[in-house]
Amino acid sequence: MILGIETSCDETAASIVVRDQSGHGTIRSNVVRSQLDEHAAFGGVVPELAARAHVEWLDHIIAQAIDEAGIDLNDIDAVAATAGPGLIGGVLVGLTTAKALAASLDKPLIAVNHLEGHALTARLTNGVKFPYLMLLVSGGHSQFVLVRGVGDYERWGGTIDDALGEAFDKVAKLLSLGHPGGPAVERIAQQGDPRRFKFPKPLLREERLDFSFSGLKTAVRLQAEALAPLSDQDVADIAASFQETVAQIVGFRARQALEKFAAEFPGEPIRLVVAGGVAANRRIAEALQKPCTEFGADLIVPPIALCTDNGAMIAWAGAERLALDDTDSLTIAARPRWPLQDEDMRVKSHGT
């Protein structure tokens, strides 16, 4: 039974998750407090404000998670917390709190890589076995990762500039659609013509599985400036054309990644797990389903509440590591940057 704490960005979250001896997981509680109201006026996340909100709310969120799970704090077997990557102020709040709890309760501490939380969520929700391919698309990350086992990851491609979620946020801000940008762009795009504007699809002539969204974002800005002042229909058409371009880019890259997976793991079931907040976008989901159908692959998208930042994914990653007797000392440091395939992802496991 693991207490998971997540404070890497603008969600203050805590969860109680149980992993049984067979590897099956159960979420006993999952409490998330969004900071949208604190950051709305700024059109994005302000790191200092985020850290202050974590300090103010984290103890209450943990208490609520314990209460909803119907347990006593002493009942937990370990404390897991995001140790990076993320906004360092927020990460420090969560990790320091986890260290204090682990020390006072005399329980093991597990410092979780935030990206590993996303990578392993499908094992909690869908019981997915290794190996599988993950596409992480969020506000801070856009990458294909081969998941061979707990702590055993290989990055197949990523963004060379902006993350996809960041691109959505910037386009939303440009079009005055509000924050968070992803849902706002998707909502207005439903009223637009996705064929009106032909935006560039960077890097698609190259075989590598990398993304680039900076040039696309610039093209959207130049188009908006050329049409200014924008009518409501202009805004809807730009949003729709941007979203369609992104969907085509992601679908194209997914096809390449699935082809590579099939070649490297002949005879293995092909599974594509999608994680991160952008996984909620329906047009992108459609674009991913097409190549999965072509390759006979399973497209696995955990519940949206578990695709965005939450404590359950951290608790589950902690449970997976605790099952391998992989814990951390109280001296472990928070990391603003922590690549998933870092050699310090200590455990190598090829089991199921």
Side-chain angles (χ1 to χ4, degrees), residues 6-13 31-58 61 82 85-91 93 114 118 136-142 159 161-192 199 211 213-214 216-225 228-230 232 234-247 250 275-285 304-310 336:
E6 158 59 22
T7 56
S8 66
C9 192
D10 62 337
E11 279 87 19
T12 309
V31 182
V32 180
R33 181 188 180 272
S34 173
Q35 299 177 11
L36 286 178
D37 291 342
E38 284 92 334
H39 304 283
F42 303 96
V45 178
V46 181
E48 184 177 351
L49 293 181
R52 289 179 181 177
H54 291 314
V55 171
E56 179 180 358
W57 285 98
L58 182 55
I61 297 299
T82 297
L87 301 177
I88 191 62
V91 173
V93 172
H114 177 84
H118 282 301
L136 175 59
V137 276
S138 66
H141 306 278
S142 299
T159 179
D161 41 56
D162 299 333
L164 181 51
E166 180 185 358
F168 268 98
D169 286 341
K170 293 295 177 58
V171 169
K173 188 173 183 179
L174 173 69
L175 299 177
S176 301
L177 297 177
H179 180 79
V185 170
E186 182 178 16
R187 186 165 51 251
I188 197 69
Q190 295 175 5
Q191 305 168 27
F199 292 129
F211 298 104
F213 297 110
S214 179
L216 171 59
K217 195 172 61 179
T218 299
V220 172
R221 177 177 59 80
L222 292 175
Q223 184 63 71
E225 290 175 350
L230 298 175
D232 290 346
D234 290 334
V235 170
D237 291 347
I238 290 174
S241 298
F242 165 76
Q243 180 177 264
E244 181 61 27
T245 302
V246 165
V250 172
V278 183
N281 185 287
R282 285 171 292 181
R283 178 64 191 98
I284 291 177
I304 296 305
L306 298 181
C307 284
T308 53
D309 294 350
N310 64 89

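Just so it is clear, the structure is predicted and the values come from calculations on it, not from any experiment.
A salt bridge does not link Glu166 with Lys173: every distance from a Lys NZ or Arg NE/NH1/NH2 to an Asp or Glu carboxylate oxygen is 4.0 Å or more. Between Lys217 and Asp162 a salt bridge is recorded (basic side-chain N to carboxylate O distance below 4.0 Å).
Taking both residues in full, the closest heavy atoms of Ala51 and Gly89 are given as CB-C, 3.9 Å, listed atom of the first, atom of the second, then distance. In terms of heavy atoms, Ala247 sits closest to Arg283 at CB-CG, 3.8 Å. Annotation for Gly178 and Ala184: closest pair O-CB, 4.4 Å, computed over non-hydrogen atoms. Across every non-hydrogen atom of Ile61 and Arg33, the tightest pair is CD1-CB, 3.8 Å. For Ala50 against Gln35, the heavy-atom pair with the smallest separation is CA-OE1, 3.1 Å. The nearest pair of heavy atoms linking Asp234 to Pro229 is OD2-O, 4.4 Å.
With sequence neighbours excluded, the residues that form a side-chain hydrogen bond (donor to acceptor under 3.5 Å, both in side chains) with Asp237 are Arg196, Gln233. Not counting sequence neighbours, the partners of Pro180 by the side chain to side chain contact (heavy atoms under 4.5 Å, CB included) test are Leu36, Pro183. Arg187 pairs by the side-chain hydrogen bond (donor to acceptor under 3.5 Å, both in side chains) definition with nothing, not counting sequence neighbours. Listed by chain and residue number, Arg282 satisfy the side-chain hydrogen bond (donor to acceptor under 3.5 Å, both in side chains) test with Glu186 (two or more places apart in sequence, or in another chain). Here Glu56 pairs with nothing under the side-chain hydrogen bond (donor to acceptor under 3.5 Å, both in side chains) rule; sequence neighbours left out. In this view, Val250 and Leu135, Leu164, Phe211, Val246, Ile284, Leu288 satisfy the side chain to side chain contact (heavy atoms under 4.5 Å, CB included) rule, not counting sequence neighbours.
Of the N and O atoms on the side chains of Glu11 and Asn310, not one donor lies less than 3.5 Å from an acceptor on the other residue. Side-chain polar atoms of Ser8 and Glu6 form a donor-acceptor pair below 3.5 angstrom. Side-chain polar atoms of His54 and Thr7 form no donor-acceptor pair below 3.5 angstrom.
Annotation for Glu48: atom CD does not count as buried by contact number, only 12 or fewer foreign heavy atoms lying within 6.0 Å.
Note that CG of Asp10 is 7.5 Å distant from CG of Asp309, once rounded to the nearest 0.5 Å. The CG atom of Leu174 sits 11.0 Å away from atom CD of Gln223, with the distance rounded to the nearest 0.5 Å. Here the straight-line distance linking atom CZ of Arg221 with atom CD1 of Ile238 works out to 12.5 Å at 0.5 Å rounding. Rounding to the nearest 0.5 Å gives a distance of 9.0 Å between NZ of Lys170 and OG of Ser214. The SG atom of Cys307 sits 8.5 Å away from atom NE2 of His118, with the distance rounded to the nearest 0.5 Å.
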- [ ] Show your working on side-chain contact (heavy atoms from CB on, under 4.5 Å) between Val45 and Cys9 and close with a plain yes or no.
- [x] CA-CA 8 Å; Val45 178; Cys9 192; 4.2 Å; yes

Open item on the list: Show, in sequence, the C-alpha distance, side-chain angles and deciding distance for Val171 and Leu175, and conclude whether the side-chain contact (heavy atoms from CB on, under 4.5 Å) test is met.
Closed with: CA-CA 6 Å; Val171 169; Leu175 299 177; 3.9 Å; yes

TODO: Using the side-chain contact (heavy atoms from CB on, under 4.5 Å) rule, take Leu177 and Ile188 through it: C-alpha gap first, then chi angles, then the decisive distance, then the call.
DONE: CA-CA 8 Å; Leu177 297 177; Ile188 197 69; 3.7 Å; yes

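Across Phe213, Phe168, Phe199, a single residue satisfies ring-ring contact (aromatic ring centres under 6.0 Å, His included) together with Phe242, and that is Phe168.
By the 4.5 Å heavy-atom criterion applied to side chains, His141 and Pro85 are counted as neighbours.
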